[in-house]
Number of protein chains: 2
Amino acid sequence: MTKGQPMSDAASRRPTVYDVAQEAGVSIASVSFAFRRPERISEATRERVLAAARRLGYAPSAAARGLANGRTGTLGLHAFDLMLERADPRDVTPPRSDARSPLDAASIIPWSQSDDETLADPRAFPLYVDEVQRGFALECWMLGRPVMLSSGSDSDVSVADTAGRVDGLAIFPSPVLPAALLRMPATIPTVLFSVAPGDDPHHRVRVDNAGGMSALIDHLVGDHQYDDVAFVGRQEGFDNSERFREYRASLMRWGLRPRDEPIDGTVRGPHRMLEQLGALHVRGALPRVLVCASDQHALMALDALAGLGVRVPDEVAVTGFDGILAGRLSTPTLTSVRQPMEAMGRAAARILAGTAGALPDGHARFDAVFAPRVVLRRSCGC
Amino acid sequence: MTKGQPMSDAASRRPTVYDVAQEAGVSIASVSFAFRRPERISEATRERVLAAARRLGYAPSAAARGLANGRTGTLGLHAFDLMLERADPRDVTPPRSDARSPLDAASIIPWSQSDDETLADPRAFPLYVDEVQRGFALECWMLGRPVMLSSGSDSDVSVADTAGRVDGLAIFPSPVLPAALLRMPATIPTVLFSVAPGDDPHHRVRVDNAGGMSALIDHLVGDHQYDDVAFVGRQEGFDNSERFREYRASLMRWGLRPRDEPIDGTVRGPHRMLEQLGALHVRGALPRVLVCASDQHALMALDALAGLGVRVPDEVAVTGFDGILAGRLSTPTLTSVRQPMEAMGRAAARILAGTAGALPDGHARFDAVFAPRVVLRRSCGC
DNA sequence: TTGTACGCGTTATCAT
DNA sequence: ATGATAACGCGTACAA
């Protein structure tokens, strides 16, 4: 077969420029121009080409275009361990879409109410990542760029795979990230969410944890006069660590002694929080305030305290961090430090879109640090 | 330059198999095998290749791979008029990510509280599409496939563009959809959400509107004895029309007379609902119940009634449809008919993943019809 | 086990 | 304005 000629059975394949060109009686260049360079072609042939394309159901292959001009036009958002902090979707019965129900005999599919409640629980959605993702998608929509969402637990492979599909990539934080981060190719612009500044070539979008935490502590100590304030949450990841550090620093500025041992609380899995708080409770050693590393920790603490019969905020006050929606639905409503999550997602998209065309070693590395804001609700005693 | 040889300045470009092959001292086939066919290569050379790839920051180009083997591995989700029913993100001040703030002198970015509230309003997020999208993304995650999110108002171009990027495509309903639908290439498996059955080659995922509506009317008339029930919402799109039709049919089965003129209510833009309800109110002609085409309509109706000083549900009862989260946050809480949105999104993904490899004219066309469920809350008088 | 050569579908560069 | 042709980077028969 001669190079560049259309294959014989045009019917069974996805149509290509060759098929359209033949159908319209023009060359493949004219087909391409009809779609991408309307000004370089006569209106008459353009119409002929478009009609032929429509007749054949032709859709240009993004893969070929991407190969030809070296860019995909897509921006990516990657999560290493997507949903690890949520209900595992594998626990939920998959809908029976594999049951063969032809169109003319559609059977009505029932669903498990409990499964639906698991998925629709505001404590599981929308979370921090969902709001950031929404901001990212909104901005990409405005920029006219498709968004590629990807995830994977094997850090290297999955991120490299995604990197090969997009012109720019934003990455959610993860415990496994730092190592993978260093190996990350600097070949496309990359934004890291909530990662400490460093020497690597990647951009940053993060929040001023210290400012938010110190404002929160100032409120708790200054306004409420609380003097026994504990921290809940393991120190893993940049955000949690920075929040813990500033929790200690702020208390010490007020002349108070922080509890050195933060109360551990894993957000997912069999959690030890009830256990730990229960132990403190029987010893009568519960702190007056639980400052939690995130809203998810705080909501778990509310559950645990309710289970122990401890009244919030009268006996123990609780605060969160992030400002997710579920904090507005809890009982009592949750005092928190809100991050502008949508704005952060949008910022990441703009950074990528702006630097996607630039040189790989573009010396302008962004570090967008957003100011969080204390949101006072009931759980702190307000 | 000879065909197939690496270019001279390997440093300034994204590295390719040629660069890696040269670096590792092997052929490009070995590089490819090292990544895709580990069993067909010796462990030693594989290690050499992977090390070289890491050194160079090599990420395989998805475009080239997609072109070579004819599939992208990605599933797509397309919305024609994404966010048309939400706050226009262009109204929101973009975050100042374009301000050059080098990493070593990060300035803290303030943000507008009102903008953040607009974006974080539960009435704007998560909506129906967001929950479906989440289900779609969850299922794709389980299937190990990336997701491509796209949107565009120009129906033909944008959907064709997306179709060229994915192995299968799910499409949200839209007023402009029917026309574009017919022109859609059947070249890749396609799922249409909430579209009436038809002769086209596309799959369907939808909800049993009639069953849901009749159950709702049965509750309102049978349990609450309401006899003056009006419908709110324009009859556009498959879901709204079917709901209106069944609203009429159900009432007539109960021997009641439906109001023929549904109260118009556009979800976005300067809405006429307050105006219309106000006119009915001054005439003392408000219906006893407002059955709304969607939760978004119902929430607007609640606002309008509150503005008129009409008590819900004592004077006028209100019901919605869909079961979005915002209905749990309204005052009073909203009685609705919930769709299993996540399950629908997951079903779409499974259908696409299952048929992506099949023949284009695969005769198994799915029509997954999910059973909705009445959710009783306060706004109906319960 | 490893290397060579070609095709995938598009865009861009040149001629005409 | 239109046509011919060479990249683009990867997968993979096929040859060695």
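Convention: sequence-line order gives letters A, B, ...; per-chain numbering from 1. Because the structure is a prediction, the values reported are computed rather than measured.
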Only pairs under 3.5 Å count here: list side-chain donor-acceptor contacts from residues 30-44 of chain B, not counting sequence neighbours, and write none if there are none.
| from | atom 1 | to | atom 2 | distance (Å) |
| --- | --- | --- | --- | --- |
| Ser42(B) | OG | Thr45(B) | N | 3.3 |
| Ser42(B) | OG | Thr45(B) | OG1 | 2.8 |

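Using a 4.0 Å cut-off between charged nitrogen and carboxylate oxygen, Asp200(B) and Arg365(B) do not count as a salt-bridge pair. Remark: Arg134(A) does not engage Asp130(A) in a salt bridge, criterion side-chain N to carboxylate O under 4.0 Å.
If you measure from atom CD of Glu47(A) to atom P of dT2(D), you get 13 Å, rounded to the nearest angstrom. Here the P atom of nucleotide dC10(D) and the CZ atom of Arg71(B) are 18 Å apart, to the nearest Å. For the pair Asp161(B) CG and dT10(C) P, the computed distance is 12 Å after rounding to whole Å. Arg165(B) places its CZ atom 17 Å from the P atom of dG9(C), with the value rounded to the nearest Å. Atom pair Gln22(B):CD and dT2(C):P shows a separation of 18 Å (rounding to whole Å applied).
Note: Phe366(A) and His203(A) have tilted aromatic rings, judged against thresholds of 30 and 60 degrees for the angle between ring planes.
Side-chain atoms of Arg48(B) come within 3.5 Å of backbone N or O of Ala24(B) as a donor-acceptor pair. Between the side chain of Arg204(A) and the backbone N or O of His202(A), at least one donor-acceptor pair lies under 3.5 Å.
In this structure Leu149(A) satisfies the side-chain contact (heavy atoms from CB on, under 4.5 Å) test together with Leu77(A), Gln133(A), Val147(A), Val147(B), Leu149(B), sequence neighbours excluded. Applying the side-chain contact (heavy atoms from CB on, under 4.5 Å) criterion to Thr72(A), with sequence neighbours excluded, gives Thr74(A), Asp167(A). Applying the side-chain contact (heavy atoms from CB on, under 4.5 Å) rule to Ala68(B) yields no partners; only residues at least two apart in sequence or on another chain are considered.
Within the nucleic acid shown, Val31(A) has no heavy atom closer than 4.0 Å to any nucleic acid atom.
Here Ser27(B) reaches the OP1 or OP2 of dG3(C): one of its side-chain N or O atoms lies under 4.0 Å away. Proximity of Ser30(A) to the phosphate of dA1(D): no side-chain N or O atom is located under 4.0 Å from OP1 or OP2. In this structure, Thr45(A) does not reach the dA1(D) phosphate: none of its side-chain N or O atoms is under 4.0 Å from OP1 or OP2.
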* At under 4.0 Å between heavy atoms, which parts of nucleotides 11-16 of chain D does protein reach? Answer with one letter per nucleotide, 5' to 3': B base, S sugar-phosphate only, - none. => BB----
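Using five terminal pairs a side, the axes of the helix from dT1(C)-dA16(D) to dT16(C)-dA1(D) at its two ends make an angle of 30°, given in steps of 10 degrees.
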